[in-house]
Amino acid sequence: SPALKFQVLAQCGRARASRMTLPHYVCETPMFMPVGTQGSVKGLTSGQLEDLGCQVILGNTYHLENRPGSELVAEMGGLHSFINWPRGMLTDSGGFQMVSLLHLADISEEGVTFQSPTDGKRMLLTPEHSIQVQNRLGADIIMALDDVVPSTAADAARFEEATHRTTRWIDRCIAAHGRPHEQNLFAIVQGGLDERLREISLKGLVERDTPGYAIGGLAGGEDKRSFVKVVSQCTAGLPAGKPRYVMGIGYPLDIVICSALGADMYDSVYPTRTARFGVALVPDGVLKLKNSAYARDYRPLDEECGCMVCRRYTRAFLHPLAAKGLAFAANLITYHNIAYMMRLSAQIRQAIKEGRYPEFVRQFVARQFPKGDIPDWVRDGCQLAGISLDGLAAATGVATAAAGAAGGQAQGGGAAAAAAAAHRDSGGVAGVAGGSEAAAAAVGAAAGASSTIAAEQQQPDRQG
Amino acid sequence: MPACCSAGHSGGSRAGAGMHAHRHSSGCSHMLTMFKVVSTSDGARRGELATASGTLPTPALLVYTHRGGVLNLTPDLLEKLPDAQAVQIDGLQFVNQPKPEVLQQAPGGGRRFLALDAPPRVLVATARDPAIYEYLGAMRQATKEWASVSIHTGAATVTAEQYVEAVAALQPDLWVALSDDIPNDSRSDRCPKSVDRTVAWLPACMAAAAGAPALAGAGALAAVQGGQYVNERIRCAEAAAKQPGLAGVVVAALGTGESPELRATIIAEVTARFPEGALRMVSSVGTPEDVLEAVAQGIDLFDSAHLVNLVAGGYALSFPVTPEEEAAQQAAAAGPPPAAGAAGETAAAAGAAADGGAAQEQCAADRGEDDSKINLWSLAYRTDARPLLPGCSCFACANHTRAYLHHLLQTHEMTAQVLLELHNTHHYLRFFAAIRDGIAAGRFGEYRAWFLGRRQRWLVEGR
Ligand SMILES: [Zn+2]
Ligand SMILES: [Zn+2]
């Protein structure tokens with residue numbers, strides 16, 4: 001494709017490390033892409049995102065079309081110029097937001113009809129309209145409008161219809177695409193959790209030969225064993241020389257497993273949203289900073305991190321501020337969480353390039369599940385990727401406990417040891433549930449009462 | 001023994017703090033002389049405050065913090081403001097959650113705990129958050145033993161000893177004694193009580209500080225209360241001035257509804273009770289005009305309450321800091337600004353949408369500016385591709401447009417506050433630098449006259 005070059009640099013089993021050249025940036029994959037819903041990644045400046053090593057950020061077409069409007073963005077020189085982000089950008093089709101935010105959305109062959117949240121008028125989003133808006137926004141990668149059915153829906157006929165419609169719509173998207181030399185249209189594989197439908201979708205879309213492909217209809221609360229099965233089937237069925245993007249994936253463990261299956265790109269609001277609930281991502285899982293166990297814990301969020309926040313602040317500093325939901329704490333934890341996701345992506349790439357990705361996966365899984373209670377879906381995923389987890393539980397559980405105890409002693413006594421224990425527990429929770437965003441949301445809601453300045457800056461979460 | 005003759009030095013763990021406080025041996029009557037007046041001009045004074053964290057030129061702006069954070073600025077962003085040499089921090093925010101011992105026991109001490117250790121900054125601990133005036137202090141019954149304050153954990157009582165412990169944990173260069181902080185309009189029977197308590201707590205604070213090694217090199221400022229009653233202000237000032245070992249005075253609880261005339265009287269009466277060499281601070285005095293008036297009365301230190309309000313309201317400061325900048329702004333305004341056509345159209349469209357006489361009013365509001373600031377909420381900036389302030393070298397102006405800021409405000413994105421705080425702090429620090437330059441050049445009166453005249457012209461001519 002004229003606007004995208006994709007070169008696989010190293011293959012390790014099914015996993016691959018690649019270089020993707022976009023109009024605005026040369027990216028290394030696998031990569032995580034932070035979501036900047038309305039033109040900023042929560043509380044961070046675009047300069048900070050560059051400092052953090054972000055390669056591509058997402059903009060949500062639906063939100064940006066509401067405010068400030070794609071025509072205004074075009075007048076201001078496109079999204080890159082409007083938000084002053086010099087690197088890669090990706091916009092979604094807007095369809096997902098409509099289906100997920102607006103219960104009234106009604107899908108027909110023509111497009112998605114929805115009621116405008118601002119003036120209540122009925123509006124129609126067609127594949128043509130979505131592409132026109134995305135052409136005006138000007139991102140490096142734009143997404144086809146697909147017929148989204150929640151993966152948990154039980155209606156087989158509806159999945160069948162959506163699969164075929166998505167294929168029909170990609171032709172309309174391709175025909176409407178006005179800037180194929182500057183923007184790359186990715187098709188989205190649909191088909192729910194049905195192997196046959198996914199196969200039909202894959203076949204139809206691969207024939208269209210788009211610059212890249214996304215695996216859609218996942219990350220919607222489906223069971224994780226089905227999730228890895230679908231990802232495995234899709235990555236296997238997609239062309240080797242093109243990028244594969246699993247949409248809506250942001251839990252570190254999911255990224256590690258999907259990369260093992262040969263996926264390249266991920267996006268999610270999880271790292272930034274969970275930060276606003278006081279949850280920091282760390283190699284062992286998560287730290288829930290509202291927990292009073294951190295009140296005297298003078299360690300950085302993540303002793304292996306080295307980001308600006310980990311260099312300057314301790315868990316003890318962040319604890320009371322996170323407990324109150326202060327914007328300042330949210331910004332700091334967001335900064336760290338993005339740093340964590342960037343570091344994880346870099347570690348994945350490095351391990352693939354050095355031909356030791358299976359070992360990396362084993363170590364990663366061992367740290368997330370020190371007790372050896374590895375979920376079946378992780379075992380399934382690893383098996384599909386040809387990575388053995390045999391004998392993992394016993395050996396690593398002991399090693400992690402020892403490391404935790406040593407850390408406790410080194411950092412001065414009971415508080416740190418208690419914190420280490422609390423932190424292992426919460427890590428376990430996140431791992432078992434595959435990341436418990438619902439739980440995080442509940443914690444956030446419970447702590448809704450917040451002080452003066454924080455209160456006026458906290459916004460309801462409107463990200464899809 | 002007065003502290004000025006015995007003051008040791010905390011030094012300790014502060015990274016990069018190579019500077020030692022001056023201790024003038026001559027003329028050391030009562031005051032701790034870490035401060036010296038370098039030059040004066042038309043009532044204003046250009047001074048230097050020598051601390052373990054470096055020498056701060058005055059008049060100076062103290063950057064605001066809330067619970068240890070520079071409101072919206074993470075340390076990497078604060079580093080983009082190299083002139084932000086001094087920081088104000090409310091000691092009451094460290095009485096509880098975190099408790100003082102959490103800071104004391106932190107590796108590297110309280111400053112490092114708050115990431116305010118490097119680069120070194122002059123840290124001024126106050127007994128009040130200048131941006132959030134809590135009237136609870138006036139409503140609740142304090143006693144001689146404790147102050148009644150409203151903090152992030154709720155209503156609390158704080159003794160002088162508890163307060164000083166919290167302040168010491170911050171390892172400040174300057175600290176303000178605890179006072180019974182009440183607003184200007186407090187009742188006539190409340191004010192004398194406030195003064196009585198404030199007078200009683202000062203020696204209690206000083207005694208507690210004498211036992212705190214972390215405060216050995218730090219200067220103490222007495223807070224003068226008394227609300228709107230000048231005789232009570234004088235009574236408080238005279239009592240405080242008798243306290244040995246002070247570095248200076250804070251004319252406290254201003255910006256609570258007093259008239260400019262009353263404020264000037266209070267400042268004059270209070271500062272007259274202290275020696276010339278005493279450092280003088282005011283609380284919550286903030287607009288450019290108010291700052292100039294206070295500087296003309298010899299005030300040395302200001303907090304950033306005004307900037308906090310500006311950021312909250314979506315404002316970016318836009319006034320020219322020097323006559324040269326005013327000329328440049330006027331020249332730029334004469335030429336066609338980059339997106340003026342589009343901005344004009346938007347304003348016109350908005351005006352047309354409103355009917356009849358309301359249209360004109362709408363237009364004026366949509367312009368979203370006055371003589372000192374622009375309001376980024378205004379529709380006039382929807383497509384304005386200019387920086388917040390053309391010619392400004394701050395990080396926000398170097399990288400982002402008014403249109404982007406308008407959008408961030410509209411969508412309630414926190415990055416708006418981050419960028420506005422960066423710009424406004426940068427701009428106000430430049431304003432203070434210009435004030436200092438004016439005093440140093442012996443032309444402060446001229447500078448002030450230009451500034452106030454400019455405002456008059458704006459009000460009359462709308463330009
Ligand atoms: Zn970090
Ligand atoms: Zn600026």
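The sequence lines fix the lettering, A, B, ..., with proteins before strands; numbering per chain opens at 1.
With chain A as partner, the option from Leu419(B), Leu73(B), Leu408(B) having the largest number of non-hydrogen pairs under 4.5 angstrom is Leu73(B). Of the listed residues Asn331(A), Asp51(A), Ile83(A), Val309(A), the one with more heavy-atom pairs under 4.5 angstrom with chain B than any other is Ile83(A). The most heavy-atom pairs under 4.5 Å with chain A, out of Thr415(B), Val70(B), Leu77(B), come from Thr415(B). Per-residue counts of heavy-atom pairs under 4.5 Å with chain A were compared for Ala396(B), Ala403(B), Ala416(B); the largest is that of Ala403(B). Between chain A and the residues Ala106(B), Pro98(B), Gly69(B), the most heavy-atom pairs under 4.5 angstrom are made by Ala106(B). Chosen from Thr74(B), Val418(B), Thr153(B), the residue pairing most often with chain A at heavy-atom distances under 4.5 Å is Thr74(B). Between chain B and the residues Gly77(A), Gly39(A), Pro68(A), the most heavy-atom pairs under 4.5 angstrom are made by Pro68(A).
No side-chain donor from either of Arg87(A) and Ser46(A) sits under 3.5 Å from a side-chain acceptor of the other. For the residue pair His400(B)/Asn84(A), the side-chain donor-acceptor check at 3.5 Å is not satisfied. No side-chain N or O of Asn60(A) forms a donor-acceptor pair with one of Gln38(A) less than 3.5 Å apart.
Put simply, the side chain of Tyr294(A) does not reach to within 4.5 Å of the side chain of Thr314(A), judged on heavy atoms. No side-chain heavy atom of Met33(A) sits under 4.5 Å from any side-chain heavy atom of Ile57(A). Side-chain atoms of His427(B) and Cys394(B), non-hydrogen and from C-beta on, never get closer than 4.5 Å to each other.
Side chain of Gln88(B) to main chain of Tyr64(B): no donor-acceptor pair is present (N/O by atom type, distance under 3.5 Å, no hydrogens or angles).
If you measure heavy-atom distances from Leu64(A) to chain B, the contacts under 4.5 Å come from the side chain alone. Proximity to chain A (any heavy atom under 4.5 Å) is shown, for Gln93(B), by neither the backbone nor the side chain. Contacts of Ala295(A) with chain B are made by backbone atoms alone, with heavy-atom separations under 4.5 Å and no side-chain atom involved. Looking at Leu72(A), only its side chain comes within 4.5 Å of chain B, counting heavy atoms on both sides.
Ring geometry, Phe328(A) versus Tyr313(A): the interplanar angle exceeds 60°, so the pair is classed perpendicular (tilted spans 30 to 60°).
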